[in-house]
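Have a look at the structure below, then the notes.
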Amino acid sequence: MPCTVLVGGFWGDEGKGKIISHLAYRNQISICVRGGVGPNAGHTVQVGEKTYKVRMLPSAFPKEDARLLVGAGVLVNPQILLSEIEATGTKDRVGVDSQCAIIEEKHIQADKASGHLSKKIGTTGTGTGPCNMDRVQRTVKIAKEVPELEKYITDVSGEVNDALDAGKQVLVEGTQGTFLSLYHGSYPFCTSKDITASSICGDVGIGPTCVDEVVIVFKAYVTRVGEGFLPGLLSEEETKRRGWVEFGAVTRRPRRAAPFNFDLARRAVKLNGATQIALTKLDVVYPDCKGARDFNQLSDEAKGFVRKIEEEVGVPVTLIGTGPEVNEIIALERTGKPVSR
Ligand code: IMP
Ligand code: MG
């Protein structure tokens, strides 16, 4: 499977960063290329004791020989990207497409000043919506016009397609989550573009015939920041009681929480053409699973939950997160059909 695309299944914050950093090693990738909106996303990667939150840099940075690319569709905040390159020591292996659009201070101000965006929609205030507006108007600045980015500028689509032609492993990193899609999500409470797997491919410049696997990441429960409906929404008290309290990686806002939703999961699988499920934070719902590395270490209840997802959604669960650290994971052989393990 030379080309794997990874996307979020619900409203973002499914734990994509951890799954990407794991797959980077397991698939021995040559390139991790990021699609999606821009720095409104925050992917968390924990390596040993150290936790990183990357908003621009691809999450496979711990794999030291992987090239880290940002696709043309992505909006770049140069300050954020440069500080992440510095913090991760990755300056020799980062590439930014010459046509990435640039977020400027005016976009951030417009995002925060707009009552519609900041209050009604509850945006992250990172300027992505207003920047995409300028992009659509064809007035936005692009990466090749920014001197600070000069040494990183590349043809991302060219690099990725060449790598695939040479049989190398490429991991395409999606951001946000399916129901934040401008087209297929919970409009108007969504982000400023489509972020399903097809669009993520468009962002990085590969065609649908290149894709071998689409991994969809579901958290074992559902959370949402910002406004908009969340089926099965729990009260704050109940969220606390279950230990499901979380805060946004970008905005630090508390996330609303609900139990896993099978109908949404089924729809998300269709919208993305997903071929595998990565299930994260199983240990948050079933604390006795913490740190498990083998399916047989799971409690019967947790195993039953995994099986139910496969049966109801019709796609195999191939990865199960059992803790925040990159190695706290169960990797399963794919059976190609709902569980018989
Ligand atoms: P915007 O993308 O900043 O315009 O925000 C629009 C909506 O999408 C808000 O509800 C945000 O909280 C949400 N959103 C955007 N990106 C992410 C993400 O990466 N994770 C979770 N929510 C996000
Ligand atoms: Mg996030």
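In listed order, ligands and their atoms are each counted from 1.
- Inclusion of Thr124 in the set of residues having an N or O under 3.5 Å from an N or O of ligand 1 is warranted.
- Side-chain contact check for Asp194 and Ser181: at least one donor-acceptor pair (N or O, by modelled atom type) lies under 3.5 Å.
- For the Mg ion (ligand 2), the N/O/S atoms of Gly248 include none lying under 2.8 Å.
- Taking 4.0 Å as the cut-off between side-chain N and carboxylate O, Asp283 and Lys281 do not count as a salt-bridged pair.
- Taking only nitrogen or oxygen atoms, main chain and side chain alike, Thr123 does not reach within less than 3.5 Å of ligand 1.
- At a heavy-atom distance under 4.0 Å, no atom of Phe189 approaches ligand 1.
- Counting heavy atoms only, Val225 comes closest to atom 10 (O) of ligand 1 of the residues Val225, Ile195, Asp111.
- For ligand 1, the polar-atom distance check against Thr126 finds no nitrogen or oxygen pair separated by under 3.5 Å.
- Between the side chains of Ser157 and Asn161, at least one donor N or O sits under 3.5 Å from an acceptor N or O.
- Classified by interplanar angle (parallel below 30°, tilted 30° to 60°, perpendicular above 60°), the ring pair Phe260/Phe305 is perpendicular.
- Note on Asp13: its N/O/S atom closest to the Mg ion (ligand 2) is OD1.
- A side-chain donor-acceptor contact under 3.5 Å links Thr124 and Thr126.
- Close N/O approach between Arg224 and ligand 1 is not found [any backbone or side-chain N/O within under 3.5 Å].
- Ring planes of Trp11 and Phe229: perpendicular class, angle over 60° (limits at 30 and 60°).
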